[in-house]
Amino acid sequence: MGSPRWKRLCLLLLAALTSSVLLYGHYYATVESPTSQRIIASLLQPQPLILASSGTSHRAGSHRWALGGGLERGKFFRPSTDLEEPKPSRQQPSTCPSSVMARAKADPKFGDIFLFDTPVLMWDQHFTTETWDRLKTRHVPYGWQGLSHTAVGSTLQLLNASANRQLFDRDSFPGGCVRCAVVGNGGILNGSRQGKAIDAHDLVFRLNGAVIKGFEEDVGTKISFYGFTVNTMKNSLIAYEEYGFSQVPQGKDLRYIFIPSDIRDYVMLKAAIQGRPVPEGSDRGDRPQKYFGPEASAEKFKLLHPDFLQYLTARFLRSELLDMQYGSLYMPSTGALMLLTALHTCDQVSAYGFITSNYEEFSDHYYETEKKPLVFYANHDMMLEAALWRSLHRAGIMTLYQR
């Protein structure tokens, strides 16, 4: 136990698994299959995005969800569409006449897709016997299958402040529409000079390897929310350190949005609130203070509800990847989840640094000194996400920065 030989074996197995995932992602992105041809063609020749309507949303396998002509989905669908009856979400009503909600409800296509009563965040009151029995049958991030009842419950019990129940306090923005910018890390922002426009928003969401220093003119400096999974946060600190991302953003008014993709997220969140080292798991001994600051109280943290993640996947980003060999790995990207979170909480939303139809003209990330092609991983469907952003932009529900 703990011998060098055993550690080497574990590293070899991990490397093999990582290589297989990357190869699968590369295969999906490059092989001239009918599926990939249709998805790529939809970028070059934009087609209507056919979405699941409310009339079919409660029967798994009965949806049509596709790019362009639409595909009947009848094989299997991992994220169940059996959504939780909304509990009190403590949402504050918006008085903005041109809000996302108003525009979405008025749209003939998206009016049947958005369910604004679905709880976005999870807090202590959601951890009931009924909810545990229901969510323990679904794998993460859509539920708690295989997770410890004690680990999940002891974490949620700490999310008992009013700040954990809503993304932001509308009373802080009286008499107007709450304007939010969601800043991805796409290369389209390099040379964009959008920094002032981004910072002019009331709230700014950033995610993963959010490099700011040296790129203020293009991406701004303001940050209200930082969204991540523990895995994407730590991988970003390693992968983008050479570009200047050596520390997770910190600040008095900054709030952190945990995406519960693994038991690691629950364990790290609990340790962060308690101000203690992580007691168990792959992050054992890690000190959350180095990521979130020395005075990170419960009020600084938000946890996305597994039902919200399921709802987003089922009704907005249900990919054909789910029907493939590694379909269980699929989930929407961190950027997609942050953008859809903003669309369900803010009045007006602008997206910067997200994939557009001319993505090949730009580098993968805005902070790269040499142009690198966009990487397609096996667990995300970037083409499907791109089509959704175009469709929402055309509908006037959000604004997608393009150039």
Side-chain angles (χ1 to χ4, degrees), residues 51 54 86 88-123 162-184 194-207 219-227 253-257 299 302-305 308-309 311-312 315-317 332 334-354 385 388-402:
L51 303 168
S54 59
S89 59
R90 307 288 178 104
Q91 289 181 353
Q92 299 163 293
S94 170
T95 58
C96 179
S98 57
S99 67
V100 168
M101 182 183 295
R103 291 177 181 271
K105 287 184 176 180
D107 188 84
K109 185 166 54 178
F110 284 104
D112 290 331
I113 307 304
F114 278 87
L115 297 178
F116 289 99
D117 288 334
T118 302
V120 174
L121 302 178
M122 173 165 271
W123 62 88
S162 59
N164 303 131
R165 300 169 183 166
Q166 57 195 26
L167 206 62
F168 55 86
D169 184 3
R170 280 194 173 275
D171 293 339
S172 302
F173 307 94
C177 301
V178 180
R179 300 175 61 243
C180 297
V182 185
V183 185
Q194 292 299 303
K196 290 183 178 179
I198 290 171
D199 286 347
H201 289 77
D202 298 307
L203 299 167
V204 177
F205 295 69
R206 299 183 193 268
L207 53 116
V219 303
T221 60
K222 189 174 184 177
I223 176 167
S224 312
F225 299 102
Y226 176 74
D253 298 324
L254 174 60
R255 300 294 180 261
Y256 299 99
I257 302 177
E299 288 78 8
K302 320 286 183 178
L303 178 67
L304 293 187
H305 199 304
F308 182 63
L309 300 178
Y311 151 72
L312 296 182
R315 298 175 75 88
F316 291 91
L317 291 170
T334 306
L337 294 176
M338 287 300 98
L339 182 47
L340 287 165
T341 295
L343 285 165
H344 283 78
T345 52
C346 302
D347 292 322
Q348 296 173 359
V349 177
S350 301
Y352 298 86
F354 283 77
E385 292 181 11
L388 176 61
W389 312 146
R390 289 199 312 273
S391 188
L392 287 165
H393 176 81
R394 289 196 299 266
I397 295 173
M398 73 171 209
T399 301
L400 176 66
Y401 173 70
Q402 304 174 76

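Computed from a prediction, not measured in an experiment: that's the story for all the values here. When a residue number appears, it is its place in the shown sequence, counting from 1.
- For S162, the side-chain hydrogen bond (donor to acceptor under 3.5 Å, both in side chains) test picks out no residue, with sequence neighbours left out.
- Scored by the salt bridge (Lys or Arg N to Asp or Glu O under 4.0 Å) test, D107 finds no partners at all (sequence neighbours excluded).
- The nearest pair of heavy atoms linking I198 to V219 is CD1-O, 3.6 Å.
- Pairs passing the salt bridge (charged side-chain N to carboxylate O under 4.0 Å, His left out) check and including a residue from residues 337-346, sequence neighbours excluded, do not occur.
- When all heavy atoms are compared, the tightest approach of P119 to H305 is O-CB, 3.6 Å.
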Please evaluate residues F205 and L167 with respect to the criterion side-chain contact (heavy atoms from CB on, under 4.5 Å), reporting the C-alpha separation (whole Å), side-chain torsions for both, the decisive distance (0.1 Å), and the verdict. CA-CA 11 Å; F205 295 69; L167 206 62; 3.6 Å; yes
Working for side-chain contact (heavy atoms from CB on, under 4.5 Å), residues H201 and C346: CA-CA 11 Å; H201 289 77; C346 302; over 6 Å; no
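- Between G227 and M338, the shortest heavy-atom distance links the atoms CA-SD, 3.6 Å.
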Please report the C-alpha distance between L317 and L312 in whole Å, then the side-chain angles of each, then the deciding distance to 0.1 Å, and finally whether the side-chain contact (heavy atoms from CB on, under 4.5 Å) criterion is met. CA-CA 6 Å; L317 291 170; L312 296 182; over 6 Å; no
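- For F114, the ring-ring contact (aromatic ring centres under 6.0 Å, His included) test picks out F116, F316, H344, with sequence neighbours left out.
- For the pair R170 and D347, the minimum side-chain heavy-atom distance is below 4.5 Å.
- Among residues at least two apart or in separate chains, there is no salt bridge (charged side-chain N to carboxylate O under 4.0 Å, His left out) pair with a member in residues 172-181.
- A search for side-chain hydrogen bond (donor to acceptor under 3.5 Å, both in side chains) contacts involving E385 returns S333, not counting sequence neighbours.
- Atom CG in L343 sits 12.5 Å away from atom CZ in R103 (nearest 0.5 Å).
- Across F354 and V182, no two heavy atoms sit closer than the pair CE1-O, 3.5 Å.
- For the pair N164 and L121, the tightest heavy-atom approach, listed with the atom from each and the gap, is O-CD1, 3.6 Å.
- Between K302 atom NZ and F168 atom CZ the span is 10.0 Å, to the nearest 0.5 Å.
- A heavy-atom distance below 4.5 Å is found between the side chains of L339 and W389.
- Closest heavy-atom contact between D169 and Q166: CA-NE2, 3.7 Å.
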